[in-house]
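A quick write-up on the structure given underneath.
Indexing begins at 1, ligand by ligand and atom by atom, following the structure's order. Because the structure is a prediction, the values reported are computed rather than measured.
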Amino acid sequence: MSERTIFKEEIKTVLKKPKMYRVILLNDDYTTMDFVVEVLVHVFHKSAAEATKIMLDVHEKGKGIVGIYTYDIAATKIAQVEDLATKREFPLKAIMEEE
Ligand code: TYC
């Protein structure tokens with residue numbers, strides 16, 4: 001077997017795409033609209049216009065996707081949302097779902 005021979009399993013390991021996770025923002029009755037926009041701008045790097053659109057959509061529909069990330073990035077962003085919300089005493093929450 002030459003050095004260039006690669007087993008099928010090795011190819012699979014090398015080429016396997018990471019699982020991706022949707023980060024979903026949940027509506028509530030207490031968090032202010034301004035704070036949600038602030039979070040979308042600072043944590044999810046949305047423009048003010050895009051953040052406002054997403055916030056209003058979540059407000060109307062109850063939840064909405066704010067981004068799709070690898071597990072660690074999604075978990076970090078969810079923790080940042082929780083951290084900022086806790087500091088301001090808002091119940092704002094984000095969750096993740098596997099794509
Ligand atoms: N429903 C909130 C209000 O009326 C605003 C809001 C929007 C809260 C989106 C959370 O994810 C959220 N103040």
Side-chain angles (χ1 to χ4, degrees):
M1 186 178 78
S2 80
E3 260 177 55
R4 290 168 60 85
T5 304
I6 302 175
F7 289 105
K8 264 189 187 165
E9 284 309 312
E10 287 176 301
I11 294 172
K12 272 193 215 156
T13 306
V14 170
L15 299 182
K16 207 161 84 184
K17 283 184 265 156
K19 280 185 190 168
M20 300 300 280
Y21 296 81
R22 297 184 282 272
V23 171
I24 295 163
L25 194 64
L26 305 179
N27 187 37
D28 66 72
D29 293 337
Y30 304 102
T31 307
T32 62
M33 291 184 168
D34 281 354
F35 180 74
V36 177
V37 170
E38 212 178 288
V39 165
L40 289 168
V41 169
H42 290 109
V43 177
F44 296 94
H45 308 297
K46 306 294 181 187
S47 67
E50 179 72 0
T52 304
K53 215 171 105 182
I54 294 168
M55 180 281 295
L56 287 173
D57 205 54
V58 173
H59 173 69
E60 280 166 21
K61 298 185 178 139
K63 60 182 173 174
I65 300 170
V66 294
I68 300 169
Y69 308 95
T70 56
Y71 183 89
D72 285 359
I73 307 264
T76 301
K77 288 187 185 292
I78 288 169
Q80 286 172 337
V81 170
E82 191 177 320
D83 208 52
L84 290 169
T86 303
K87 280 183 186 138
R88 296 277 294 272
E89 299 188 318
F90 287 131
L92 184 65
K93 229 183 137 37
I95 56 170
M96 70 168 120
E97 278 177 3
E98 195 180 320
E99 268 277 272

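The closest side-chain heavy-atom distance from Ile54 to Lys46 is below 4.5 Å. In this structure, the side chains of Val39 and Leu92 come closer than 4.5 Å at one or more pairs of heavy atoms.
Linking ILVMFWY residues whenever their side-chain heavy atoms come closer than 4.5 Å, directly or via other members, places Phe90 and Met33 in the same cluster.
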Indicate every side-chain donor-acceptor pair of residues 80-87 with a distance under 3.5 Å to a residue at least two apart or in another chain.
{"unit_1": "Asp83", "atom_1": "OD2", "unit_2": "Lys87", "atom_2": "NZ", "d": "3.1"}
{"unit_1": "Thr86", "atom_1": "OG1", "unit_2": "Glu82", "atom_2": "O", "d": "2.6"}

Check ligand 1 for N or O atoms under 3.5 Å from a protein N or O and list each pair with its distance.
{"unit_1": "ligand 1", "atom_1": "1 (N)", "unit_2": "Asn27", "atom_2": "OD1", "d": "2.8"}
{"unit_1": "ligand 1", "atom_1": "1 (N)", "unit_2": "Asp28", "atom_2": "O", "d": "2.7"}
{"unit_1": "ligand 1", "atom_1": "1 (N)", "unit_2": "His59", "atom_2": "ND1", "d": "2.9"}
{"unit_1": "ligand 1", "atom_1": "4 (O)", "unit_2": "His59", "atom_2": "ND1", "d": "3.4"}
{"unit_1": "ligand 1", "atom_1": "11 (O)", "unit_2": "Leu26", "atom_2": "O", "d": "2.8"}
{"unit_1": "ligand 1", "atom_1": "13 (N)", "unit_2": "Thr31", "atom_2": "O", "d": "2.9"}

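Residue Glu89 places its CD atom among 12 or fewer non-hydrogen atoms of other residues, nucleotides or ligands, all under 6.0 Å distant.
A cation-pi arrangement is absent between Lys19 and Tyr71, since the terminal nitrogen or guanidinium carbon is not both under 6.0 Å from the aromatic centre and inside a 45° cone about the axis.
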